[in-house]
Structure formats: structure tokens, C-alpha cells
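One structure is given below, encoded as C-alpha cells.
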There are 2 protein chains.
Amino acid sequence: MKIDYTYKYPRPAISVDNVMLGYADGALKILLVHRTNEPYSGKWALPGGFLHEGESLSECSVRILKEKTGLENPFMEQLYTFGAPDRDPREHIISVTYFVLINHFPVVENNAEKVDQVAWFPWSELPDVAFDHAAIIRVAIDRIRAKIRYSPLAFELLPEKFTLSQLQTLFEVILHQTLDRRNFRKKLLSMNILQELNETTTKKVGKPAVLYAFDKKKYDTMLQQQIYFEL
Amino acid sequence: MKIDYTYKYPRPAISVDNVMLGYADGALKILLVHRTNEPYSGKWALPGGFLHEGESLSECSVRILKEKTGLENPFMEQLYTFGAPDRDPREHIISVTYFVLINHFPVVENNAEKVDQVAWFPWSELPDVAFDHAAIIRVAIDRIRAKIRYSPLAFELLPEKFTLSQLQTLFEVILHQTLDRRNFRKKLLSMNILQELNETTTKKVGKPAVLYAFDKKKYDTMLQQQIYFEL
DNA sequence: TCAATTTGTGTAATTATTACGCAAATATAA
DNA sequence: TTATATTTGCGTAATAATTACACAAATTGA
């Protein structure tokens with residue numbers, strides 16, 4: 001049995017699309033889903049879907065992430081809402097978008113429910129994407145590039161334990177500029193938001209590096225004192 | 001003749017709500033509309049309305065502003081999208097919100113089409129407002145307070161010609177802190193984004209002040225050189 | 001044990017920010 | 001017309017933040 005829903009005025013559909021960003025192999029990557037349905041069948045697109053009844057926007061985003069990638073408890077923020085009437089060839093669909101930062105990668109592979117093929121693409125080598133998703137991705141990158149300077153987003157992209165060099169490289173990749181190592185370390189350590197662990201990395205080559213963790217408690221204390229993160 | 005619109009799945013309605021901010025008499029003010037229909041009849045609310053067919057979100061915002069206040073060519077930016085299923089007692093209505101900054105005030109009075117009563121309220125003395133509009137207003141104020149520090153929003157709130165004291169007072173009101181006059185002037189003038197006019201104010205009392213105008217051309221040049229406004 | 005690689009550290013020079021007080025121009029009241 | 005109240009416009013010294021820059025120590029692999 002099929003029920004239809006009837007309204008006095010036309011209503012656009014509402015979808016939620018997610019820009020999932022991960023950092024691996026020294027590059028920022030974006031997760032895309034391979035479309036097998038029209039429109040844009042065969043193209044890659046952001047993981048998204050339609051809003052369900054009784055669902056809030058953020059609930060919808062979380063559900064979609066779970067369905068498409070198995071990811072739970074992601075760090076996410078609402079990005080922007082796109083509503084040009086012609087952005088979807090089928091009909092007017094308004095897309096509320098979120099960006100999602102993740103720090104561990106295999107999420108994608110081990111999800112039983114997933115049907116569509118998904119893959120990570122380096123942000124500098126994105127394929128041709130469906131709909132206005134290229135514009136959405138650009139807005140996401142701009143937002144993250146700006147925001148990583150004044151809010152602790154970077155730690156969401158790294159594993160829990162990281163070296164200062166890894167942190168610096170991440171900033172360099174996102175900001176697209178090189179930073180002085182000594183000044184970077186001085187600044188980050190003086191902020192007093194990192195917890196020094198007494199562990200070091202074991203690597204193939206070079207002096208082992210001390211591992212650090214982001215200390216959210218210290219960070220919140222800092223915020224209360226109206227001192228803000230700023231690179 | 002009445003046509004109905006039918007869909008396979010339920011669709012929330014989509015509205016656009018605007019937080020209009022103006023600066024007058026040394027205070028930031030917000031424009032509210034007095035509701036005469038249910039729900040929340042008798043309460044004040046943000047000027048908003050439903051999205052029309054074929055309309056983009058920003059077009060909708062512009063249309064509503066025109067209808068409710070007569071204002072044209074406003075400075076506006078998308079703020080956030082609110083979508084909790086219970087935010088409207090009637091049904092699920094998603095609200096895409098914009099903030100609008102205006103620098104000349106009588107807009108409100110001389111609009112023939114307007115039906116509802118509208119009024120400006122100082123942001124510190126807002127009445128009890130309908131729906132989740134108090135939350136929306138809070139988000140708008142937080143956003144403006146943050147953004148005025150690193151983008152030239154302030155000039156949208158002042159008349160075209162203004163004195164440095166007026167500009168300073170505006171910052172003081174929004175940031176809720178006092179600023180040193182000499183340092184403020186030094187900083188703003190050193191940015192080289194103001195055009196000094198050879199006019200002065202004529203006031204009741206005190207030394208006349210030189211008028212300045214925001215120089216958008218200089219500002220854009222600055223942006224291109226990757227130098228950013230920052231208070 | 002030598003070479004290659006990566007980490008970890010200090011200081012001096014430069015630039016930006018802060019703190020602070022007084023004279024000049026005007027309107028108003030005496 | 002003179003005195004008073006008010007507001008503008010301006011400079012400097014002290015402090016804090018940012019920048020530029022090089023070498024020794026710890027490790028791996030040859």
C-alpha cells in the first residue's frame with residue numbers, strides 16, 4: 001500500500017549532503033560515492049540522501065554517514081544550504097550540507113550495509129562530480145582553511161596521538177604554505193592545549209619523535225578565560 | 001480553482017527568516033514583525049515567509065525583505081539552517097536564515113505594501129519572540145560579533161559618511177568592550193581602507209569631526225594582496 | 001662506523017600592541 | 001565676550017608577539 005502526501009503549495013525536496021574530509025598519506029582526501037542511478041549515473045557525488053520524516057538535519061546527516069560508511073560519532077558542522085532551483089535536474093531539491101572530519105580511515109571498507117562504491121579522493125585530484133557538488137566541496141575547503149586557524153579542527157583530522165611534525169605538516173597542507181618548525185612548536189606548546197605523552201614514534205628513519213595528544217580539558221579552560229586558539 | 005501537490009514521501013515546508021540588524025541611537029536593533037495569526041498570535045517574530053516555487057533561497061530572502069519592509073539591495077549573508085522537527089507547532093518547517101545589515105533606517109515606515117506591524121527592538125531588550133527565533137537571533141549576534149573583527153561588516157551598519165568616533169562606538173557596542181581612541185584610530189587608518197572626506201560634522205557640542213567613507217576599491221586591493229581586515 | 005634522515009632547541013631583530021594626557025575646536029551658558 | 005563643557009585629534013615609550021635563522025642528537029640502513 002502506497003500513501004501519498006499532498007500539500008496546497010509545491011514543496012522542494014530536502015536532502016543532506018556531507019563533505020567528509022580525512023587526512024592520509026600527507027594529503028587531504030574527500031569521500032565520494034559512485035552513482036549508479038540517474039541523474040548523473042556513473043559520476044561521483046557526495047554521500048547524501050533525503051531527509052526522513054521526523055528527522056532533524058543533523059540526525060539525517062549522522063544517519064547517512066552511518067549508512068554509507070559505517071562511521072559513528074563523527075565530528076561535524078553544518079556548512080551551508082544550497083537552494084538554486086536548477087541545481088538538480090529532476091526538481092527543486094534543497095541541500096543542507098555538513099562537513100565531517102575524521103581521523104581514522106578504514107571506516108569505509110568494513111561496512112556491511114553499504115551498497116554503493118565509495119572511495120577517497122585527494123582534494124587536488126577530484127573527479128568530475130555530480131550536481132553542484134564541486135561548488136559545495138569548494139565552500140567546505142574554504143571554510144576549513146579559514147577555520148583551522150582559529151579553532152582546533154586540526155586535531156579532528158589526526159589520530160589521537162600525533163607528533164608535532166605531523167601536526168605541522170597538516171597545517172601546511174591545508175593552508176598551502178610552509179611554516180617554520182621552531183616557531184610552530186613554540187607557538188603550539190605555548191598554547192598549553194597539548195598533552196605530552198611519554199611515548200615516541202618508531203619509524204624507519206630519523207630521530208624518534210615525542211607523541212602528543214590534544215587536551216580538550218585544557219582547551220575548554222582556555223576558552224573560559226576568553227583566550228582563543230589562533231595559529 | 002485549487003491545485004494540490006502530491007509527493008510519495010512527506011516533505012517539510014521551507015521558510016526563510018531574516019535577522020535584520022540596524023544601528024541607531026548607539027544601540028544595535030533588530031526588526032521584528034507582530035504576528036496576528038496563529039501560532040504565536042500576538043507575539044513578535046522575525047520577518048520570514050515560505051519559499052515560493054522556482055525561487056532560490058536568497059531570492060526568497062530578498063523578496064520577504066521587500067514585502068515586509070520595502071528594503072532593496074540589502075547586505076545579507078546566509079546564517080544557518082534550523083530544522084528540528086518540533087520547531088514549529090504546526091508541522092515540520094525548515095528555516096533557512098539570513099542576517100541582514102542595514103545602515104539607514106526609515107525603510108520600515110514608508111512601505112505601502114506592508115500589512116503587519118513592524119518595529120525595531122534594541123538587542124538587549126527583545127520581547128518574548130515566537131518559535132525558536134530567540135535561538136536564531138542569538139546565533140546571528142554571535143556570528144556578527146565574531147565576524148566584525150575580521151571582515152568589514154561594520155561599514156554596512158553605518159551611513160556612508162561617518163566619523164571615526166562613530167565607528168569606534170559601533171565596535172564597542174557590538175564587542176561589548178571599550179577601545180582606546182588613539183589606538184583605534186591608528187589601527188583603522190593604517191589599514192588604508194578609509195577615504196578621508198573633506199567634510200566635517202556639525203554638531204551641538206564639541207570639536208567637529210572629520211568624515212570618512214569605506215573605500216571598497218582599496219579594500220579589494222588589500223584582499224588581493226592577501227592582507228586581511230582584522231581589528 | 002658512516003651516511004642519511006628527522007627531531008629538538010635559543011636568541012637576536014623586527015614588528016605589533018598597549019598604555020597614557022593634553023591642546024584645539026566648537027556650542028552653550030553666564 | 002568670556003568661561004565652561006564637550007568632543008576631536010594626535011605621539012611616544014614600554015611591552016609583547018612574531019619572525020628569521022643553524023646545529024647537535026637520535027635513529028635506521030648501507
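It should be emphasised that the depicted structure is a prediction, and the values quoted were computed from it without experimental measurement. Per chain, numbering begins at 1; letters A, B, ... match sequence-line order.
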* D/dT7, D/dG9, D/dT27: which one has an atom nearest the side-chain heavy atoms of B/Val205? ->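 It is D/dT7.
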Could you go through nucleotides 16-18 of chain C and list every protein N or O atom that sits under 3.5 Å from one of its N or O atoms, giving the distance for each pair?
{"residue": "C/dT17", "atom": "OP1", "partner": "B/Lys187", "partner atom": "NZ", "Å": "3.2"}
{"residue": "C/dT18", "atom": "O4", "partner": "B/Lys186", "partner atom": "NZ", "Å": "3.1"}

d([atom1], [X]; [atom2], [N]) in whole Å:
X	N	atom1	atom2	result
B/Leu164	D/dG9	CG	P	7 Å
A/Ile227	D/dA17	CD1	P	11 Å
A/Leu167	C/dG8	CG	P	13 Å
B/Leu211	D/dG9	CG	C1'	14 Å
B/Phe184	C/dC20	CZ	P	20 Å
B/Glu196	D/dT8	CD	C1'	13 Å
A/Glu230	D/dA17	CD	P	12 Å
B/Arg182	C/dA23	CZ	P	13 Å

* Asked: Has the side chain of A/Thr201 got a donor or acceptor atom that lies under 3.5 Å from a matching backbone atom of A/Ala209?
  ->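 Flag set: sc A/Thr201 to bb A/Ala209 pair under 3.5 Å.
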* Residue pair A/His133 / A/Trp44, side-chain heavy-atom distance below 4.5 Å ->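 A side-chain contact is absent here, since even the closest heavy-atom pair is not under 4.5 Å.
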* Side-chain heavy-atom pair B/Leu188, B/Leu231 within 4.5 angstrom cut-off ->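 Contact flag for B/Leu188/B/Leu231 side chains = yes.
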* Of B/Pro208 and A/Asp180, the one whose closest DNA chain D nucleotide lies more 5' ->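 Nearest nucleotide further toward 5': that of B/Pro208.
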* Between B/Gln166 and A/Thr202, which is nearer to the 5' end of DNA chain D once each is assigned its nearest nucleotide? ->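 It is B/Gln166 whose nearest nucleotide is closer to the 5' end.
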* To do: Tell me, please, which residues at least two apart from B/Asp142 pass side-chain hydrogen bond (donor to acceptor under 3.5 Å, both in side chains).
  =>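 side-chain hydrogen bond (donor to acceptor under 3.5 Å, both in side chains) list for B/Asp142, sorted by chain: empty.
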* To do: Mind checking B/Ser165 for me? I need base, sugar-phosphate or nothing, with any heavy atom below 4.0 Å counting as a touch.
  =>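 The answer is sugar-phosphate, as B/Ser165 gets under 4.0 Å only of primed atoms, P, OP1 or OP2.
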* B/Glu172 atom CD, neighbour heavy-atom count above 12 within 6.0 Å ->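 More than 12 within 6.0 Å, yes.
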* Asked: Would you say C/dG8 has OP1 or OP2 under 4.0 Å from some side-chain N or O of A/Arg185?
  ->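 Checking C/dG8 against A/Arg185, a side-chain N or O does come within under 4.0 Å of OP1 or OP2.
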* Asked: So, B/Tyr40 versus B/Phe131, ring centres under 6.0 angstrom or not?
  ->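 So the answer is yes for these two rings.
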* To do: Flag the pair A/Phe214 / A/Tyr219 as yes when their ring centroid distance falls below 6.0 Å, and as no otherwise.
  =>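 Centroid distance A/Phe214-A/Tyr219: below 6.0 Å, so yes.
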* Polar pair under 3.5 Å, donor/acceptor by atom type, side chain A/Arg181, base C/dG8 ->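 Side chain to base: pair found, below 3.5 Å.
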